[in-house]
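Residues take their numbers from the sequence shown, with the count starting at 1. Values below: every heavy atom of this structure, side chains too, minus hydrogens, waters and symmetry copies. Computed from a predicted structure; not experimentally measured.
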Amino acid sequence: VQLAVSAELESLRVVAINDLHGRAEPLAALTLTSVVASCAGSDAKLVVACSACAQMHLHNPRLVAWEPLWEPWRFHVRGKLSPSDEPPFTEVKVHADEACNINISLSMCELVSGTTLTLIDDITGVAQPSEEAFAPHRIVNQTGLVIRLGRSSPSLVLVPGESTDVNLWGDVDRPSLCHVDGPPPKTLVVALDLWPHPLQVPV
């Protein structure tokens, strides 16, 4: 039986999300572009080849933005499989014309370690589920005035120096949360006694 299959893919993006204990935080995104794959041969000997451009981003929850960890890198993979040989033979070769550039900085190391430790705590059960709603964002009143704010109406009162934890993207669906440009923009409704009408402040 002879086999010959080929496929091309313009772009593929895979996003990992931490949704344990009520969280909704993107972790990492792997993007493959210009993917070309082929497979030819028989059940005795098979040749598989694939080439693509790959890059990886990590999500920074403080900035609510994606940061590049792995710069775009084009690679080629070629494999030979001979399952009927004694012993079965498999050979895989990976080739790239340019070096793979990985961003390593103090802030990136802190992001990787913090994300990894949080995920490990969630998986191993160190971080126990909380009865309170997940609220990863903090708002601090540094205006010197009493302000009222909220997601849809100014129902929360903050005195000068007081802070509160909120989840600005709690009602966002996963495709929007994992968008390549980051979560969609959100606004807070803010009101002061001196203002005639509440204002929508973009975050």
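- One finds the CD atom of Q55 at 6.5 Å from the OG1 atom of T33 (value rounded to the nearest 0.5 Å).
- The neighbour count for R148 CZ, taken as heavy atoms of other residues, nucleotides or ligands under 6.0 Å away, is above 12.
- I139 and V189 are not part of a single hydrophobic cluster, where members link through side-chain heavy atoms under 4.5 Å apart.
- Here T143 pairs with N141 under the side-chain hydrogen bond (donor to acceptor under 3.5 Å, both in side chains) rule; sequence neighbours left out.
- In this structure, L149 is not a member of the same hydrophobic cluster as V140, with clusters built from ILVMFWY side-chain heavy atoms closer than 4.5 Å.
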Determine all donor-acceptor pairs shorter than 3.5 Å in which one atom belongs to a side chain in residues 96-104; sequence neighbours excluded.
from: D97; atom 1: OD1; to: H95; atom 2: NE2; distance (Å): 3.0
from: N103; atom 1: ND2; to: P68; atom 2: O; distance (Å): 2.8
from: N103; atom 1: ND2; to: E71; atom 2: OE2; distance (Å): 2.9

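- Looking at heavy atoms from C-beta onward, R74 lies in side-chain contact with S34 at the 4.5 angstrom threshold.
- Linking Ile, Leu, Val, Met, Phe, Trp and Tyr residues whenever their side-chain heavy atoms come within less than 4.5 Å leaves V35 and V92 in two separate clusters.
- Nearest heavy-atom pair across H76 and S51 is ND1-CB, 3.2 Å.
- Judged as a salt bridge (charged side-chain N to carboxylate O under 4.0 Å, His left out), and not counting sequence neighbours, E10 has no contacts.
- The side-chain hydrogen bond (donor to acceptor under 3.5 Å, both in side chains) test applied to S107 returns S105, not counting sequence neighbours.
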Start with the C-alpha distance between T90 and K80, add both sets of side-chain angles, then the distance that settles side chain to side chain contact (heavy atoms under 4.5 Å, CB included), and finish with yes or no. CA-CA 6 Å; T90 301; K80 295 181 180 179; over 6 Å; no
Check the pair R78 / V48 against side chain to side chain contact (heavy atoms under 4.5 Å, CB included), numbers first and verdict last. CA-CA 6 Å; R78 183 179 179 86; V48 180; over 6 Å; no
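- Between the side chain of T115 and the main chain of V112, no donor-acceptor pair closer than 3.5 Å is present.
- Considering only heavy atoms from C-beta on, V15 comes within 4.5 Å of W66 through its side chain.
- Between L27 and L119 the shortest side-chain heavy-atom distance falls below 4.5 Å.
- Cluster annotation: W195 and I147 are assigned to the same hydrophobic cluster (Ile/Leu/Val/Met/Phe/Trp/Tyr, side-chain heavy-atom contacts under 4.5 Å, transitive).
- Residues L199 and L156 share a single hydrophobic cluster, defined by chaining ILVMFWY side chains whose heavy atoms lie under 4.5 Å apart.
- With contacts defined as side-chain heavy-atom distances shorter than 4.5 Å, the pair V146/P160 qualifies.
- Scanning for side-chain hydrogen bond (donor to acceptor under 3.5 Å, both in side chains) contacts around H197 gives an empty result, with sequence neighbours left out.
- For the atom pair F75 CZ and C50 SG, the distance stands at 6.0 Å (nearest 0.5 Å).
- Between T31 and M56, every side-chain heavy-atom pair lies at or beyond the 4.5 Å cut-off.
- Applying the side-chain hydrogen bond (donor to acceptor under 3.5 Å, both in side chains) rule to E162 yields no partners; only residues at least two apart in sequence or on another chain are considered.
- Atoms OG and CZ, from S163 and R138 in turn, are 4.5 Å apart once rounded to the nearest 0.5 Å.
- The shortest distance between side-chain heavy atoms of Q200 and L188 does not fall below 4.5 Å.
- Counting heavy atoms from C-beta outward, L3 and L46 have side chains that approach closer than 4.5 Å.
- Interatomic distance, CG of L32 versus CZ of R13, reported as 11.5 Å (0.5 Å rounding).
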